[in-house]
Number of protein chains: 2
Amino acid sequence: MNLTDKQRALIERIGVFQEKSGMQPVAGRIMGLLYVSDKPELTFDEIREALGISKSATSNALSMLQHLNRLEYVTYSGDRKRYFRLKLDKWRDLVLQGVESITDFSEMLQEVVAERTSETKEYNQNLLDVADFLKYLHTELPKLLTEWEQQKK
Amino acid sequence: MNLTDKQRALIERIGVFQEKSGMQPVAGRIMGLLYVSDKPELTFDEIREALGISKSATSNALSMLQHLNRLEYVTYSGDRKRYFRLKLDKWRDLVLQGVESITDFSEMLQEVVAERTSETKEYNQNLLDVADFLKYLHTELPKLLTEWEQQKK
DNA sequence: CTTTTGGTTCCTAATTTTAAGAACTAAATT
DNA sequence: AATTTAGTTCTTAAAATTAGGAACCAAAAG
């Protein structure tokens, strides 16, 4: 694969960044590699070799990344290999998907308040405020995405 | 402390939720306990006892949560104990703090593109789009918070 | 029908994380 | 000054995560 030192360093930094949001090291590095690599589509073996990792680690990380919707693979007729690539062209979907999960926490907060004593007025109101702001985000973030697309043109 | 079954279940759910964003189990449960507890301010020992955890686990988790800006403690004259509570009244600051960290990823993406081959036009443009949208979020999210506060009144 | 290729799964070793227990410290109380 | 209180730090055991190696499997090639 022949990566420069700069590229390797970037891959590691991206890897660490992803790890912070709960991704395992190998998976983070695969993300990094696909960001950085001159070829945006890499085969299983190119990935394995570029990062010097085992087949099992490669296989597991790739399938987890696909479940997380970060990755997909394409095939070409007459070629048995899978070509893995970031789902970069569909990053808007990923954003919207993240927006959806905001609701979960908001709902949990409302359950909390429902279960709380009504003695602690101010505290409960703060909790409800957070829940309400999250709901606001939930409706407004998709709009923000649309606005951004408008002003990009 | 005397928690109901419902309260204990909620604490665990909140705990698991926090764990998903990289928090350790005990820290997640402490967050949960403070959300749910009738008293919004609890002492070291009340926390330790309510969750049935050791002093060291309590101490470490509390100091980590303080570093993450999720928690603070207050004291009362004539009382040696610290009273720990969520920084709920300052949740806006926490949101804005999160907004700041968006920039980091955006900048990393720009570095990536700077380092990439210029052959992959579309790919690079996608990366720059993501970076640009993140910058857009960075400026717009604080406005969203202000707007929400306006319409709340 | 045998072999090769591309990848997955199972099992295990190594590393990391988590949290307990005991020893410790600083301030307040007696 | 001695003791108690409130919490921290150090060491270690247990549990969970991570990733390697080998065996395995299905499809394609020979």
Side-chain angles (χ1 to χ4, degrees), chain A residues 1 8 11-12 14-34 39 41-68 70-85, chain B residues 1 8 11-12 14-34 39 41-68 70-85:
Chain A
M1 165 111 327
R8 293 198 179 279
I11 290 172
E12 290 306 311
I14 296 169
V16 170
F17 196 95
Q18 305 286 351
E19 280 180 57
K20 279 184 201 158
S21 43
M23 198 170 276
Q24 66 211 75
V26 165
R29 286 194 192 100
I30 291 180
M31 297 282 297
L33 174 61
L34 289 170
K39 282 192 287 176
E41 291 180 354
L42 297 177
T43 66
F44 186 99
D45 237 46
E46 285 172 327
I47 293 170
R48 198 190 52 64
E49 203 198 305
L51 299 177
I53 56 182
S54 69
K55 285 173 80 177
S56 50
T58 308
S59 174
N60 287 324
L62 284 176
S63 70
M64 122 147 317
L65 286 170
Q66 287 172 85
H67 283 298
L68 287 180
R70 315 305 289 306
L71 223 69
E72 67 189 345
Y73 65 81
V74 289
T75 52
Y76 298 97
S77 66
D79 188 344
R80 288 177 66 186
K81 297 189 191 85
R82 293 170 190 174
Y83 290 79
F84 294 90
R85 63 181 190 201
Chain B
M1 166 112 324
R8 293 200 177 278
I11 290 171
E12 290 307 311
I14 296 169
V16 170
F17 196 95
Q18 305 287 350
E19 280 180 59
K20 280 186 199 157
S21 43
M23 197 169 276
Q24 66 212 73
V26 165
R29 286 194 193 103
I30 291 179
M31 296 282 298
L33 174 61
L34 288 169
K39 281 192 287 176
E41 292 180 352
L42 296 178
T43 68
F44 187 98
D45 238 46
E46 284 172 328
I47 293 170
R48 199 191 50 65
E49 202 199 304
L51 299 176
I53 56 182
S54 71
K55 284 173 82 177
S56 51
T58 309
S59 174
N60 288 324
L62 284 175
S63 70
M64 120 146 319
L65 287 171
Q66 286 171 85
H67 283 298
L68 288 180
R70 315 301 297 283
L71 221 69
E72 67 189 345
Y73 64 81
V74 289
T75 51
Y76 297 96
S77 66
D79 189 344
R80 291 174 63 184
K81 296 190 191 85
R82 294 170 189 173
Y83 290 79
F84 295 90
R85 62 182 189 199

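The chains referred to below are lettered A, B, ... by the order of the sequence lines, with proteins before strands, and numbering in each begins at 1. From a predicted model like this one, the values you see are computed outputs, not experimental measurements.
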Can you tell me the distance, in whole Å, between the [atom1] atom of [X] and the [atom2] atom of [N]?
{"X": "A:Lys55", "N": "D:dA22", "atom1": "NZ", "atom2": "C1'", "value": "10 Å"}
{"X": "A:Gln24", "N": "C:dT15", "atom1": "CD", "atom2": "P", "value": "18 Å"}
{"X": "B:Asp45", "N": "D:dT5", "atom1": "CG", "atom2": "P", "value": "11 Å"}
{"X": "B:Arg48", "N": "D:dT8", "atom1": "CZ", "atom2": "P", "value": "13 Å"}
{"X": "B:Ile47", "N": "D:dG7", "atom1": "CD1", "atom2": "P", "value": "9 Å"}
{"X": "B:Phe44", "N": "D:dT9", "atom1": "CZ", "atom2": "P", "value": "11 Å"}
{"X": "A:Leu51", "N": "D:dT18", "atom1": "CG", "atom2": "P", "value": "16 Å"}
{"X": "A:Leu62", "N": "C:dT8", "atom1": "CG", "atom2": "P", "value": "7 Å"}

Quick check on side-chain hydrogen bond (donor to acceptor under 3.5 Å, both in side chains): which of A:Glu19, A:Glu12, A:Gln18 does A:Arg29 satisfy it with? A:Glu12

Taking the side chain of A:Phe84 as its heavy atoms from C-beta onward, which of D:dT9, D:dA19, C:dG7 lies nearest to it?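 Selected nucleotide (nearest to the side chain): C:dG7.
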
State whether the distance check finds a donor on one side and an acceptor on the other, under 3.5 Å, for side chain B:Ser56 versus base C:dA20.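 Flag set: donor-acceptor pair detected.
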
Any A:Arg82 side-chain N or O less than 4.0 Å from OP1/OP2 of C:dT5: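 The answer is no; no side-chain N or O of A:Arg82 sits under 4.0 Å from OP1 or OP2.
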
Contact under 4.0 Å: B:Lys81 side-chain N or O vs D:dA6 OP1/OP2: yes

Apply side-chain contact (heavy atoms from CB on, under 4.5 Å) to the pair A:Phe84 and A:Glu46, showing each step before the final yes or no. CA-CA 10 Å; A:Phe84 294 90; A:Glu46 285 172 327; over 6 Å; no

Is A:Met23 close to A:Leu65 at the side-chain level, that is, under 4.5 Å between some pair of heavy atoms?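 In short, these two side chains touch, coming nearer than 4.5 Å.
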
In the structure I gave you, are the side-chain heavy atoms of B:Tyr83 and B:Leu42 within less than 4.5 Å of one another anywhere?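 When only atoms from C-beta onward are counted, B:Leu42 and B:Tyr83 do not touch, as no gap falls below 4.5 Å.
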
Heavy-atom nearest nucleotide on DNA chain C taken for A:Arg80 and for A:Ala57; more 5' hit belongs to A:Arg80

Can you tell me how far apart CG (B:Leu71) and CG (B:Leu62) are? Round to the nearest 0.5 Å.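 If we round to the nearest 0.5 Å, B:Leu71:CG and B:Leu62:CG are 6.0 Å apart.
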
Identify whether any heavy atom of B:Ile53 sits under 4.0 Å from a base atom; if not, whether one sits that close to sugar-phosphate; answer base, sugar-phosphate or nothing.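 Result for B:Ile53 = sugar-phosphate.
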
